[in-house]
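A quick note: this is a predicted structure, and the numbers were derived from the prediction, not measured.
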Amino acid sequence: MSDILNRLADMLESRKSADADSSYVAKLYAKGMDSILKKVGEEATETVIAAKGGKREEIIYETADLWFHTLVMLAKADIKPQEVLDELARREGLSGITEKESRSK
């Protein structure tokens, strides 16, 4: 799974120096983090609506959009997908309640 994330991360990084007129991602970067976050929010809402509708293909499509735009957000913040995967690995096997409690201390 991390192969596709790494390839996407590399592509997103390369778009930071691309012309905003020739690249959708470069255009998002040029608009700034607030525009990227708005897009993440829109995609999250569309994913929720798709899940409520229960159509498998729509859920997959909208989740892919959400993940993609989340990767754009991470790239804008100079965070590699591996850092998120490492955090998920750290949490693996932890109770959600225990994990939340550890953050509040």
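Distance CG/Asp86 to CZ/Arg90: 11.0 Å, rounded to 0.5 Å. Residue Lys38 holds its NZ atom at 11.5 Å from CG of Leu28, rounded to the nearest 0.5 Å. Atom NZ in Lys76 sits 5.5 Å away from atom CD1 in Ile36 (nearest 0.5 Å). In this structure, Phe68 CZ and Tyr24 OH are separated by 7.0 Å, a value rounded to the nearest 0.5 Å.
Lys27 and Ala20 get closest at one heavy-atom pair: CE-O, 3.4 Å. Minimum interatomic distance between Ala18 and Ser23 (heavy atoms only, all atoms of both residues): CB-CB, 4.2 Å. In this structure, Glu83 and Asp78 approach most closely via the heavy-atom pair OE2-O, 4.2 Å. Smallest separation of non-hydrogen atoms from Pro81 and Leu71: CG-CD2, 3.7 Å.
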Check: Would Glu92 and Leu88 count as a side-chain contact (heavy atoms from CB on, under 4.5 Å) if you check the C-alpha gap in whole Å, the side-chain angles of each, and the deciding distance to 0.1 Å?
Finding: CA-CA 6 Å; Glu92 187 176 17; Leu88 288 171; over 6 Å; no

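Hydrophobic clustering (ILVMFWY, side-chain heavy atoms < 4.5 Å, transitive): Tyr61 and Ile4 are in distinct clusters. Hydrophobic clustering places Ile79 together with Leu85 (ILVMFWY residues linked when any side-chain heavy atoms are closer than 4.5 Å, directly or through intermediates).
Scanning for side-chain hydrogen bond (donor to acceptor under 3.5 Å, both in side chains) contacts around Glu58 gives an empty result, with sequence neighbours left out.
Under a 4.0 Å N-O distance rule, the pair Arg15/Asp10 does not qualify as a salt bridge.
Within the 4.5 Å cutoff, the side chain of Ile59 has no heavy atoms near those of the Lys55 side chain. The shortest side-chain heavy-atom distance between Trp67 and Leu8 does not fall under the 4.5 Å cut-off. In this structure the side chain of Lys80 never reaches within 4.5 angstrom of the side chain of Leu74, judged on heavy atoms.
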Please output the side-chain donor-acceptor pairs of residues 41-51 that fall under 3.5 Å, not counting sequence neighbours, one pair per line with the distance.
from: Glu43; atom 1: OE2; to: Lys39; atom 2: NZ; distance (Å): 3.3
from: Thr45; atom 1: OG1; to: Gly41; atom 2: O; distance (Å): 3.1
from: Thr47; atom 1: OG1; to: Glu43; atom 2: O; distance (Å): 2.8
from: Thr47; atom 1: OG1; to: Glu62; atom 2: O; distance (Å): 3.1

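Formation of a donor-acceptor pair under 3.5 Å by the Ser14 side chain with backbone atoms of Met11 is found in this model.
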